[in-house]
Amino acid sequence: GAGVSQSPSNKVTEKGKDVELRCDPISGHTALYWYRQSLGQGLEFLIYFQGNSAPDKSGLPSDRFSAERTGGSVSTLTIQRTQQEDSAVYLCASSFLDRGNIQYFGAGTRLSVL
Amino acid sequence: DAKTTQPTSMDCAEGRAANLPCNHSTISGNEYVYWYRQIHSQGPQYIIHGLKNNETNEMASLIITEDRKSSTLILPHATLRDTAVYYCIVSGIRSNDYKLSFGAGTTVTVRA
């Protein structure tokens with residue numbers, strides 16, 4: 001497919017477990033973003049990658065959250081020791097920075113922490 | 001630190017134009033105005049963006065005032081599938097501020 005792909009689409013986990021969320025951006029896009037959307041809330045920025053480096057991690061809510069990007073492509077968002085307040089839809093987007101930074105979003109991963 | 005102000009909601013009749021206003025009075029010279037929408041249970045979808053000139057594409061038109069302190073998104077012929085939350089966002093590509101700051105947006109309901 002030509003769009004941003006995220007997996008899994010749904011994830012149910014128990015409090016205290018670690019989870020990994022994956023994002024496959026559009027091929028060739030240099031920038032990659034993670035956002036999250038809690039129930040009934042707006043989208044909240046988490047982290048931004050340019051290539052494999054993360055110039056802006058300002059939105060990560062705690063040190064339980066981390067992300068990496070390898071090969072300038074796939075990114076993984078890891079949440080350690082999940083808490084119930086981590087329940088949300090996690091959205092990934094990618095873009096060409098030098099073409100207007102139009103961000104294309106995936107369908108998201110719905111995380112439920114029981 | 002909301003940079004934009006939008007009405008909470010608006011209704012529109014199917015087939016009519018929908019005009020969505022947005023105030024961004026503190027916009028700086030290197031910030032663009034972006035419009036995205038989010039249909040229920042989907043990821044946000046890019047609609048259009050502009051700096052100071054009016055823009056038009058296959059989805060919508062964007063009218064930016066001369067002082068750039070406000071803009072209007074126009075959906076020329078609204079359909080039921082245009083029912084969504086519409087977000088007006090200012091972002092500064094040239095100031096290394098690449099992230100999108102989503103506010104509450106405008107919930108648009110298109111009625112038959």
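Throughout, a chain's letter reflects where its sequence line sits, starting with A, and its residues are numbered from 1.
If you check the side chains of B:Thr56 and B:Ser61, you find a donor sitting under 3.5 Å from an acceptor.
Surrounding CZ of B:Arg16 are at most 12 heavy atoms belonging to other residues, nucleotides or ligands under 6.0 Å away. With a 6.0 Å radius and a threshold of 12 heavy atoms from other residues, nucleotides or ligands, A:Leu39 has its CG atom at or below the threshold.
Taking the centre and axis of the six-membered ring of A:Tyr48, the NZ or CZ atom of B:Lys99 falls outside the cone set by 45° and 6.0 Å.
The main-chain N or O of B:Ala17 is never found under 3.5 Å from a side-chain atom of B:His77 such that the two would form a donor-acceptor pair.
Residues of residues 75-86 of chain A placed with any heavy atom under 4.5 Å of a heavy atom in chain B are absent; none qualify. Within residues 52-60 of chain A, the residues having any heavy atom under 4.5 Å from a heavy atom of chain B are, by residue number, A:Asp56. The interface of residues 106-114 of chain A with chain B, defined by heavy-atom distances below 4.5 Å, comprises A:Gly106, A:Ala107. For residues 10-38 of chain A, the interface with chain B (any heavy-atom pair closer than 4.5 Å) comprises A:Tyr33, A:Tyr35, A:Gln37, sorted by residue number.
Of the atoms belonging to A:Leu43, heavy atoms from both backbone and side chain fall under 4.5 Å from chain B. Only the side chain of B:Gln38 comes within less than 4.5 Å of a heavy atom in chain A; its backbone stays farther off.
Note on ring orientation: taking the six-membered ring where Trp is involved, the planes of B:Tyr36 and B:Tyr46 are perpendicular (angle over 60°, cut-offs 30° and 60°).
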